[in-house]
Every structure is written in C-alpha cells, then in structure tokens.
There are 4 protein chains.
Amino acid sequence: MAIREEDVRARPGRPRDPACDAAILQAALEVFAEEGYAGVSIDGVAARAGVGKATIYRRWASKAELVVEAVRCGASVDDRLPDTGDLRADLTSMMQPLIDRLRGDDAKLLTMFAVERQREPELQEQFNQSVIGKKREHLRHLVALAIERGELPPDTDVELIAEVPPALIWHHALYGLPMADDFLERILNMLIPARP
Amino acid sequence: MAIREEDVRARPGRPRDPACDAAILQAALEVFAEEGYAGVSIDGVAARAGVGKATIYRRWASKAELVVEAVRCGASVDDRLPDTGDLRADLTSMMQPLIDRLRGDDAKLLTMFAVERQREPELQEQFNQSVIGKKREHLRHLVALAIERGELPPDTDVELIAEVPPALIWHHALYGLPMADDFLERILNMLIPARP
Amino acid sequence: MAIREEDVRARPGRPRDPACDAAILQAALEVFAEEGYAGVSIDGVAARAGVGKATIYRRWASKAELVVEAVRCGASVDDRLPDTGDLRADLTSMMQPLIDRLRGDDAKLLTMFAVERQREPELQEQFNQSVIGKKREHLRHLVALAIERGELPPDTDVELIAEVPPALIWHHALYGLPMADDFLERILNMLIPARP
Amino acid sequence: MAIREEDVRARPGRPRDPACDAAILQAALEVFAEEGYAGVSIDGVAARAGVGKATIYRRWASKAELVVEAVRCGASVDDRLPDTGDLRADLTSMMQPLIDRLRGDDAKLLTMFAVERQREPELQEQFNQSVIGKKREHLRHLVALAIERGELPPDTDVELIAEVPPALIWHHALYGLPMADDFLERILNMLIPARP
DNA sequence: ACATAAGCGAGACGGTACGTCTCGTCTTCTG
DNA sequence: CAGAAGACGAGACGTACCGTCTCGCTTATGT
C-alpha cells in the first residue's frame with residue numbers, strides 16, 4: 001500500500017498536489033500496459049508525468065508499490081466487500097466484475113499484471129497485502145455466514161470453497177479457456193446446493 | 001526463444017561446447033530456483049557456470065530467453081494418464097505428483113514456468129497442445145466415466161468440475177497459499193459426494 | 001576535451017559536487033602515473049575515487065577525455081624565464097627542473113601528457129601558445145645574447161641551438177634513455193665552447 | 001620482433017602462405033592509419049585480410065608486434081646501416097630518409113605511431129628492441145669511428161652526439177616546427193667542425 | 001504579515017546489471 | 001601440418017535504472 005496520508009491535513013507546509021498523483025498513476029499505467037513491469041522506469045514515469053522523481057518517491061516507496069496502485073486504480077479493481085445476506089448475490093457482486101474485465105479490454109492488462117507479479121517478488125508481496133488478502137478474508141467470511149444461515153452444509157470446507165471462484169476464473173483466463181455469460185452461474189451451481 | 005542452431009553441424013569453425021550449454025542452464029536454473037527471475041544476473045550465472053559472458057550471449061539473446069529455456073529444461077513433466085475405474089484414485093494419481101512438486105523444491109521453478117508461458121505465446125501454444133490438452137481431455141473423460149458409474153450425479157458440469165483440481169492447485173501455488181498433506185483429499189471431498 | 005560546464009550555475013537541479021571532480025581526477029592521475037594510459041580503467045578509477053561510474057561519465061565522455069584532463073591538471077608547469085647574463089646558468093635554470101621532473105615521479109605523467117597533446121590538436125595549440133612558445137622565444141633570446149657577449153661564435157645557428165636542449169631532454173625521456181646527474185652539463189659542454 | 005622464421009624451411013608440413021603475411025600487414029597498416037592503435041583489433045584485421053585469427057597469432061605473438069611490423073614495413077623504414085668512412089655521408093644516408101618521410105605523406109602515420117608507442121608499453125618495448133636499438137648502436141659506432149679518423153675531436157661525448165640528429169628531427173616533427181631542405185645540413189654543421 | 005514547513009522540478013550521487021566488444025587461446029574441419 | 005571459422009574465459013566498455021540526496025523555488029498555514 002502506498003504511503004497515503006489517509007486524511008490528516010493537519011500537517012504544516014504545502015499540501016501535496018493531487019494532480020501529481022493522477023499524472024503519475026496515469027503515466028505508470030500507460031507504460032506498464034505498453035512495456036510490462038520491466039519496461040516501467042521511475043525516470044521514465046517521472047518524465048512522462050512531468051514530475052520530479054522525488055515527487056514519486058514521496059508517495060510510493062518503490063517501483064513495485066507504484067505499479068500496484070497504478071494497476072489497481074487503472075483497472076478500477078473495486079474494493080467493495082458486499083454482505084447482503086445472500087451468498088449467491090454477494091459472490092456474484094464480487095466476482096462478476098472480475099470476469100467481465102477478464103473478458104473485456106482490460107484482459108491483457110490484468111493477466112500481464114498477474115504474470116509480472118510472479119516475476120517480481122516485491123510486486124507480489126505488495127499486491128497480496130493490499131488487495132488480495134482483504135478479498136480472501138471477506139470471501140471466507142461470507143461462506144461462514146452462509147453456513148450459519150444454512151445455505152451451505154455445516155461440514156463445508158470454508159477455506160477451500162472460498163478459493164474456488166477466483167481459482168477457476170483466473171485459471172480460465174490464463175489458459176485462454178472460454179468464459180461464457182453463464183460462467184459464474186455454473187460455478188455457483190456447483191458450489192451451492194439448490195434451494196429445496 | 002533461444003537462438004538454437006537447428007543441429008545442422010555443417011557450420012565451419014569450432015563447434016559449441018555442449019558442456020557449456022549444460023553448465024549454463026544448470027547454473028541459471030539453480031539461481032532462478034533460489035532467487036527468482038529478478039535475482040538472476042548474467043554475470044552471476046556466468047561465474048557460477050565457470051563461463052564467460054560472451055558464451056552465454058552467443059546462445060541466448062537476453063536474460064529472459066536464457067531463463068525460459070533453463071526452466072523449460074529443468075521442469076520436466078510427467079504425463080501419466082491413469083484410468084482404474086475409481087475417480088478418487090485416478091484424480092489422486094494425476095494430481096498428487098503435481099502437488100508434491102509444487103510443495104517441494106521445484107515449486108518456484110514450476111510456477112515461474114507457468115508464468116513465462118504467458119509471456120511466450122509460442123511456448124504456451126506448444127505446451128498446451130503437448131501436455132495440458134491431453135490432461136484436460138483425460139480429466140473430462142474420467143469425470144464422464146464417474147458419472148456413468150454413479151460416483152457423480154448425472155447433472156454434473158463435466159467441463160467445470162474437471163478444471164477445479166488443477167485450478168485450485170495452481171491458484172494455491174501461485175498465491176503462496178499453504179497446501180497441507182490432505183489438500184487433494186479436501187478437494188476431492190468437496191467434488192465427490194460421500195459414498196453412502 | 002571535457003564536457004565542462006562553463007561555470008554558469010544557472011542550471012536547475014542539484015549542482016555537481018566539486019569534491020567528485022577532485023577525487024576522480026586525483027584517482028585517474030594516480031592510476032595513470034602508476035599503470036600508464038592502457039592501465040586506466042573507468043571502473044578502477046571509480047572504485048578508487050569512491051564514486052559511481054555514472055558520475056564519471058556525466059563529466060567526461062570517454063576514458064581519453066578523462067585522462068587528458070587529469071594529466072593536464074596534474075602536470076602543472078613552471079614558467080620562469082631567467083636572464084642573468086650567463087648562458088650556462090640561464091639554461092640550467094630553465095632546463096634542470098624539467099630534467100628533475102622527468103627523472104622523478106612525474107616522469108610518466110609528463111611524457112604521457114606530451115603524447116596526449118599530439119592527439120588533441122586543441123590542447124596542443126593552447127599549450128604551445130601559453131607555455132612552449134614563450135620558452136622557445138626566450139631560449140632564442142638567451143642564445144642571441146650569448147653570441148653578442150662572445151660566449152658563442154658569431155655564426156651560431158640560433159634557432160637550431162635553442163632547440164637542442166629540450167629536444168635531447170624529451171628524446172631521452174620518451175625513449176627511456178638514462179639521464180644521469182650530469183646530463184644537462186654534458187649538453188651544455190657540447191653546445192658551449194670551453195672558456196679559454 | 002616478430003616470430004619470423006628467418007629461414008628454416010626445413011619444417012615439415014605445409015609451408016606458410018606468403019600472401020597471408022602481405023594481406024595481414026596491409027590490413028593492419030590501413031586500420032592503424034585510419035583509427036590509431038586502439039582502433040586496431042585482431043578480429044578486425046583478420047576479417048579485412050580474409051584470414052583466420054590463428055593465422056595471425058601463428059606469426060605474431062600480440063597486437064603490438066603485428067602493428068610494429070606493419071608500420072615498419074608500411075612506412076618502409078629502411079634498416080640499412082651505412083658505413084662509408086665519411087660521417088656526414090653516413091649520417092645523411094641514415095637521417096635524410098626519415099626527414100623526407102616526416103615532411104611527406106607518411107608524416108601522419110609516423111607521428112601517430114610515435115605517439116601510440118607511448119600509450120602502449122608493449123608497442124614501445126617491441127619497437128625499441130626491433131628498430132631503434134640497432135640504429136642507435138650504429139650511430140654511436142659511426143661517431144666513434146669518426147673520432148678515430150679525426151673528423152671529430154677526441155673528447156667528443158659519443159652517446160650524446162649520436163642522439164642529437166634523431167632528437168632534433170622528432171622534436172621538430174612533433175612540435176610542428178618547420179624543417180627546410182637544409183635542415184639536416186644545419187644539424188651536421190653544428191655537430192661536425194668544418195674541415196680545415 | 002510573514003516566517004515556517006513542506007511540496008515541487010531538476011538532476012547529481014553510489015551502486016549494480018546490462019549487453020557489446022576485444023584479447024589471446026583452443027578446437028573443429030577442409031585443403 | 002596450414003588455414004578459415006569461430007567458440008572459449010576473462011574482463012573493460014559505456015548505458016540505463018534504482019532509490020537517495022541536494023538545489024532553488026513555490027505554496028499554504030499559523031502565529
């Protein structure tokens with residue numbers, strides 16, 4: 001996660017220019033999409049954003065952090081963690097946007113990011129902490145609640161079930177397997193017993 | 001892809017020393033397994049292999065090509081396609097070796113290979129056809145047979161179910177999630193209804 | 001010639017550290033004096049100066065430029081132009097210091113400087129005008145006066161005689177011929193008839 | 001001096017191809033004249049001469065030896081060591097060709113060679129041994145004979161006098177001082193007392 | 001109102017790896 | 001054996017980034 005000040009604005013001195021944040025993230029995203037992680041250079045991003053390097057390092061501690069945030073924003077990975085009391089609805093609300101994106105224009109960006117993560121431990125670390133972790137936790141939470149409500153049998157393997165949707169989605173994306181409109185529906189049908 | 005000679009041996013001059021190929025690939029593989037892609041440096045590989053840098057660049061045009069080939073050679077895959085008439089047994093026989101390798105020393109190797117495949121369409125294509133495709137086909141075949149035998153309900157989503165084990169295994173591997181000894185058992189428990 | 005800034009200090013950004021200039025030139029000079037031109041390596045100079053390679057290449061475009069400047073700075077010349085009325089004394093006073101330096105630690109430095117001048121016409125030009133020219137003129141002046149005083153015969157070839165001492169000194173230096181303590185004395189004995 | 005077989009031709013096997021000698025020396029000379037010593041690379045010379053590298057190293061032990069011989073041949077530095085019994089004549093016969101060459105088209109080649117010698121200790125060493133040494137020895141020999149014959153006074157400083165002509169010639173060449181047609185004559189007039 | 005503290009563009013700095021080049025040696029095959 | 005071709009170990013070259021550190025300047029705020 002970036003070194004974002006969450007609010008403070010109690011700090012003395014000149015405040016950070018929000019236009020810089022935008023310009024930097026935009027530039028980073030463009031370069032990443034064009035050249036991949038290795039093609040991103042801080043000097044290059046700074047130049048393209050019309051910004052000094054210090055202005056970047058004041059916000060992000062490393063190239064990895066910058067790229068993570070850029071991709072997260074750029075692909076508008078949404079961080080909503082829904083909890084409506086209906087497992088199907090919640091899972092759909094969390095997973096369908098990912099599927100849509102992986103079937104659309106962002107596909108290349110997202111898979112490229114997934115790939116680069118493996119090549120750059122820093123990147124992986126950063127992303128796991130800032131994004132994946134929370135989602136995983138929430139998925140398990142939703143599954144546990146569903147068991148309590150009786151939507152899933154009591155002996156359900158929570159940790160495992162919670163991984164099935166993202167695992168299948170990414171698996172299909174990475175291997176180029178087709179994901180039809182009813183893809184998520186089929187997954188949920190497999191995981192959630194039909195209501196009697 | 002590497003600058004491999006087509007084996008002609010009609011070229012004049014001193015032939016390439018095959019011992020160098022081996023030493024370089026071995027060294028690259030070791031460093032890669034220990035430090036990951038970013039940790040591989042040509043100077044380091046050259047030193048460890050007891051070889052000049054030029055000897056590496058004579059064979060591969062860049063670090064990326066070298067690593068791809070090293071991993072491809074190092075990660076030899078086994079391709080048994082069992083069919084004993086028992087789904088649990090067959091899936092175990094197909095999937096457990098993969099899990100074992102992904103939990104063992106080859107883990108980084110295999111995951112990085114999975115990653116590099118994404119960057120080299122040719123490699124991906126070839127690998128899909130020669131290995132993955134057959135396995136996928138066989139898995140579906142096994143699932144279909146299990147339905148016929150009544151081990152799985154008749155309305156089972158064959159294509160989807162068949163992807164779940166590899167998807168979950170790779171998902172855990174790629175995200176560094178723990179895979180305990182009973183990992184495959186839990187997957188099978190989830191997929192296959194308990195025998196009454 | 002080096003990429004010297006004209007001292008403007010109107011440039012934006014962090015100014016160059018003068019201590020680096022000094023350290024690099026010093027290190028280059030030392031290596032050069034010890035190992036000769038071919039023995040100078042940028043990595044070596046950088047290491048000895050405690051400086052990154054980029055810091056050198058930011059200032060000089062190549063090894064050659066660096067060495068030229070280092071030597072030029074290191075080989076400061078003295079330019080006394082004596083005129084006591086005694087040819088032997090004046091010539092000794094002008095030439096002995098040169099011999100001493102060429103026999104001492106500065107030998108390699110000075111000869112290499114003489115060499116580099118040949119490769120850098122600009123340097124040669126400037127040096128000829130500012131140092132050599134005046135010395136040559138003064139030598140001829142001294143010889144002419146000596147003729148008037150009768151220390152030398154009236155038909156002496158002024159221009160030629162005036163070149164003999166420096167020519168012989170540099171010739172011996174460049175070819176590594178020995179220059180004993182009485183070297184200058186022998187030259188003068190050859191040129192100036194013994195007083196009756 | 002090169003590893004020339006001076007004669008042998010008693011060796012078994014295929015004799016060396018004299019055309020190779022010529023092609024290599026020619027190529028080396030061209031590159032040297034165009035690019036200077038540092039610009040000469042064995043690979044480059046081999047390619048330009050249409051010859052394998054081994055064929056060069058079979059004849060010369062190093063780049064320095066090759067370049068020395070190439071320049072010596074190319075500038076047709078003649079190795080005649082005349083001894084007619086007349087000092088003026090012998091000195092003229094030895095020195096005038098050098099002056100002519102330094103005033104003519106070979107000037108650049110020769111001075112460049114003189115310069116590069118200083119930069120490359122190997123080169124200097126090679127050249128001193130193979131060319132300069134013998135000439136210097138012979139000059140001293142001639143001077144000694146002239147003293148015996150009474151052409152020079154008995155107290156003449158042999159070693160010093162012998163160096164004056166080459167020292168003055170090279171001094172003038174390197175500093176761009178004019179050398180008129182009577183340049184050598186003036187030197188000899190200075191050194192050799194007029195015949196009574 | 002104006003000092004203070006931080007932001008900003010620019011770019012220097014010590015490092016490290018890159019990919020290229022040359023050296024002088026070694027190894028194959030063909031005449 | 002000579003010769004053409006070219007692989008080999010070694011190591012310097014000059015470039016490009018990284019992440020940090022000054023510079024001189026600008027911009028809010030808080031007293």
Has [X] got a side-chain N or O lying under 4.0 Å from the OP1 or OP2 atom of [N]?
X: B:S41; N: E:dA17; answer: no
X: B:T55; N: F:dG9; answer: yes
X: C:R59; N: E:dC13; answer: yes

Is there a donor-acceptor pair closer than 3.5 Å between any side-chain N or O of [X] and the backbone N or O of [Y]?
X: A:K63; Y: A:S41; answer: no
X: D:T55; Y: D:V51; answer: no
X: A:E65; Y: A:A61; answer: yes

Check your understanding: Across the strands shown, which category fits C:V40 at heavy-atom distances under 4.0 angstrom: base, sugar-phosphate, nothing?
Key ->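 Since only primed, P, OP1 and OP2 atoms lie under 4.0 Å of C:V40, the category is sugar-phosphate.
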
Review point. Checking all strands, does C:G44 fall into the base, sugar-phosphate, or nothing category for heavy-atom contacts under 4.0 angstrom?
Key: nothing

**Study point:** Closest-nucleotide 5' rank along DNA chain F - winner of B:A54 and C:A54
**Key:** B:A54

Check your understanding: Taking for each residue the nucleotide of DNA chain E bearing the nearest heavy atom, is the 5' side occupied by C:A46 or by B:I42?
Key ->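 Mapping each residue to its closest nucleotide by heavy atoms, the 5'-most match is C:A46.
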
Point to revise | Residue met sooner reading DNA chain E from 5', once C:K53 and D:K53 are mapped to nucleotides | key: C:K53

Check the distance between [N]'s [atom2] and [X]'s [atom1] and give it to me in whole angstrom.
X: D:K63; N: E:dG24; atom1: NZ; atom2: P; result: 7 Å
X: B:D21; N: F:dC8; atom1: CG; atom2: C1'; result: 13 Å
X: D:R48; N: E:dT22; atom1: CZ; atom2: P; result: 13 Å
X: A:R16; N: F:dT29; atom1: CZ; atom2: C1'; result: 17 Å
X: C:Y57; N: E:dA17; atom1: OH; atom2: P; result: 18 Å
X: C:I56; N: F:dA12; atom1: CD1; atom2: P; result: 14 Å
X: C:R58; N: F:dT15; atom1: CZ; atom2: P; result: 12 Å
X: B:D43; N: E:dG19; atom1: CG; atom2: P; result: 10 Å

Check your understanding: Ignoring hydrogens and angles, does a donor from either the side chain of C:R14 or the base of E:dA12 sit under 3.5 Å from an acceptor on the other?
Key -> yes

**Study point:** Note: A:R48-A:E34 ion pair, threshold 4.0 Å (strictly below)
**Key:**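 Yes, this pair counts.
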
**Study point:** Charged N-O contact under 4.0 Å between C:D21 and C:R16
**Key:** no

